[in-house]
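Only one structure is covered here, and it is reproduced in the block below.
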Amino acid sequence: MNSPVNEEVQALMEAAHDRAAKALGLTCTGPLAWGFLGVTLGRRAGDRWLRVSRTAKRNAGRKAGEGIVGASELVPDGVPRPRLHGVHDWTDGEWAFESEVLDYLTQPTVSPDRADIDHDPGLPDEWWADLRRALALLTEAEGVKVTVRDGWIERAFPQFLGIPAPAKVERVTGHGDLHWGNLTAAPLCLLDWERWGLVPFGYDAGLLHANSLLVPDVAARIRKEFAPILDTPAGRIGELAALAEMLQAVARGWYPDLAPRLVARAEALTGVRPPVPVHSEVSA
């Protein structure tokens, strides 16, 4: 989906991937699949997929109930996702590495190269029904991690939406990163479970909707499919949280094409034009 930022990162991650494959007894073939800014690297190993990620050494150690391992333990089997078959973690120098062996999926993601979409993928009615069912089933899981924290909401709503933060945020267990790069075409499968946990009610649907605003027909389909969620006061707060997060990314230089649509949607929901600059070059 992305390329590493430089040759040093590329060499570091390729060596880490080779180390994990050897430790787990896997033979990897096929092209390398880079994640955002070279933080993750995946590659096929027969009917398995080996994914390696890195973080600062001070963050080493998986937290109980969180991430891919937590999802494998707590999320109902009826939520379609790659199954976890093994892990191997280690530290080396300033870095901590985590690796997971997952199912290799033969169906492609809806948007392999970006989180949003610029055309209608033409997903069948059954796919939408499966997505609704998966997200409803996910709410029954015991979420541990709080995704989109209250402290961030208190700062972000005034800064990126121009409105006061809500007095109360209703939370449910959700995916936390529901965009088109993390969903496969039929059959449906939800990828990347790093952020799953307790999210604002309506956040998942709101985030997918925000990533669909360049394609009005798809955005309208999401509003229709998830109207029982989005058309509620709590769901509106969840969608606004998703929009605030996207507008924060805009302020950091991301989503230049999508930015005007995000601003317009936020203003339609609040009656206030967001103060965030549409084409900012502010660095992270």
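Only a predicted model underlies this, so the values are computations on that prediction, with no experimental measurement involved.
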Cluster check [X], [Y]: I/L/V/M/F/W/Y, side chain < 4.5 angstrom:
X: F36; Y: W49; value: no
X: V146; Y: I153; value: no
X: V75; Y: L84; value: yes
X: V148; Y: W254; value: yes

Strictly by salt bridge (charged side-chain N to carboxylate O under 4.0 Å, His left out), give each pair with a member in residues 259-268 just once, sequence neighbours left out.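 Qualifying pairs, neighbours excluded: E239-R265, E267-R273.
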
Which residue pairs pass the salt bridge (charged side-chain N to carboxylate O under 4.0 Å, His left out) test with at least one member in residues 157-181, sequence neighbours excluded?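 Every pair satisfying salt bridge (charged side-chain N to carboxylate O under 4.0 Å, His left out) with a residue in residues 157-181: D150-R171.
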
Steps toward side-chain contact (heavy atoms from CB on, under 4.5 Å) verdict (T173, L74): CA-CA 11 Å; T173 301; L74 299 175; over 6 Å; no

Which heavy atom of [X] sits nearest to which heavy atom of [Y], and what is that distance?
X: L247; Y: A266; result: CD1-CB, 4.4 Å
X: G46; Y: R44; result: O-NE, 2.8 Å
X: R51; Y: T40; result: NH2-CG2, 3.4 Å
X: S72; Y: V69; result: OG-O, 2.6 Å
X: D204; Y: L178; result: O-CD2, 3.7 Å
X: I229; Y: G202; result: CG2-CA, 3.5 Å

Nearest 0.5 Å, what's the [atom1]-[atom2] distance between [X] and [Y]?
X: I68; Y: S99; atom1: CD1; atom2: OG; answer: 10.0 Å
X: K145; Y: T147; atom1: NZ; atom2: OG1; answer: 5.0 Å
X: E73; Y: E66; atom1: CD; atom2: CD; answer: 11.5 Å
X: F157; Y: I163; atom1: CZ; atom2: CD1; answer: 5.5 Å
X: L262; Y: L161; atom1: CG; atom2: CG; answer: 10.5 Å

Please determine whether side-chain contact (heavy atoms from CB on, under 4.5 Å) holds for the pair F160 and L243, giving the CA-CA distance in whole Å, both sets of side-chain angles, and the decisive distance to 0.1 Å. CA-CA 9 Å; F160 298 110; L243 286 166; over 6 Å; no

[X]: what forms a salt bridge (charged side-chain N to carboxylate O under 4.0 Å, His left out) with it, not counting sequence neighbours?
X: D118; value: R114
X: R149; value: none
X: R83; value: D77

Apply side chain to side chain donor-acceptor pair (under 3.5 Å) to E98 and list each qualifying residue two or more places apart in sequence or on a separate chain. none

Would a distance-only check, ignoring hydrogens and angles, find a side-chain to backbone donor-acceptor pair under 3.5 Å from [X] to [Y]?
X: D103; Y: L105; value: no
X: R236; Y: L269; value: yes
X: T55; Y: A96; value: no

Q107 atom CD, over 12 foreign heavy atoms within 6.0 Å: yes

Please tabulate, one pair per line, all N/O donor-acceptor pairs under 3.5 Å involving side-chain atoms of residues 12-33, not counting sequence neighbours.
| from | atom 1 | to | atom 2 | distance (Å) |
| --- | --- | --- | --- | --- |
| E14 | OE2 | Q10 | NE2 | 3.1 |
| H17 | NE2 | L50 | O | 2.9 |

Check side-chain contact (heavy atoms from CB on, under 4.5 Å) between L137 and all other residues, then give those that pass, not counting sequence neighbours.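 Per chain and number, L137 pairs via side-chain contact (heavy atoms from CB on, under 4.5 Å) with P76, V79, E140.
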
Return the set of residues passing side-chain contact (heavy atoms from CB on, under 4.5 Å) with A268 (not counting sequence neighbours), or none when no residue passes.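 If we apply the side-chain contact (heavy atoms from CB on, under 4.5 Å) test to A268, skipping adjacent residues, there are no hits.
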
Just list the side-chain donor-acceptor pairs under 3.5 Å for residues 214-225, sequence neighbours left out, or say none.
| from | atom 1 | to | atom 2 | distance (Å) |
| --- | --- | --- | --- | --- |
| R221 | NE | E225 | OE2 | 2.7 |
| R221 | NH2 | D125 | OD1 | 3.0 |
| R221 | NH2 | E225 | OE2 | 3.0 |
| R223 | NH1 | H209 | NE2 | 2.9 |
| E225 | OE1 | R132 | NH1 | 2.2 |

With W152, which residues qualify under ring-ring contact (aromatic ring centres under 6.0 Å, His included), at least two apart?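 Scan of W152 (ring-ring contact (aromatic ring centres under 6.0 Å, His included), adjacent residues dropped) gives none.
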
Just distance, no hydrogens or angles: give the donor-acceptor pairs under 3.5 Å from side chains in residues 184-201, sequence neighbours left out.
| from | atom 1 | to | atom 2 | distance (Å) |
| --- | --- | --- | --- | --- |
| T184 | OG1 | P187 | O | 2.8 |
| T184 | OG1 | C189 | N | 2.8 |
| D192 | OD1 | E194 | N | 3.4 |
| W193 | NE1 | L190 | O | 2.9 |
| R195 | NH1 | G176 | O | 3.1 |
| R195 | NH1 | Y203 | OH | 3.4 |
| R195 | NH1 | E245 | OE1 | 3.3 |
| R195 | NH2 | E245 | OE2 | 3.1 |
| W196 | NE1 | G67 | O | 3.0 |

Is it true that W180 and S212 share a donor-acceptor pair across their side chains at a distance under 3.5 Å? yes

Could you go through the side-chain contact (heavy atoms from CB on, under 4.5 Å) check for H88 and V52 one step at a time? CA-CA 9 Å; H88 177 65; V52 177; over 6 Å; no

Side-chain touch L131/L208, heavy atoms, less than 4.5 angstrom: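 The answer is yes; the side chains approach within 4.5 Å.
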
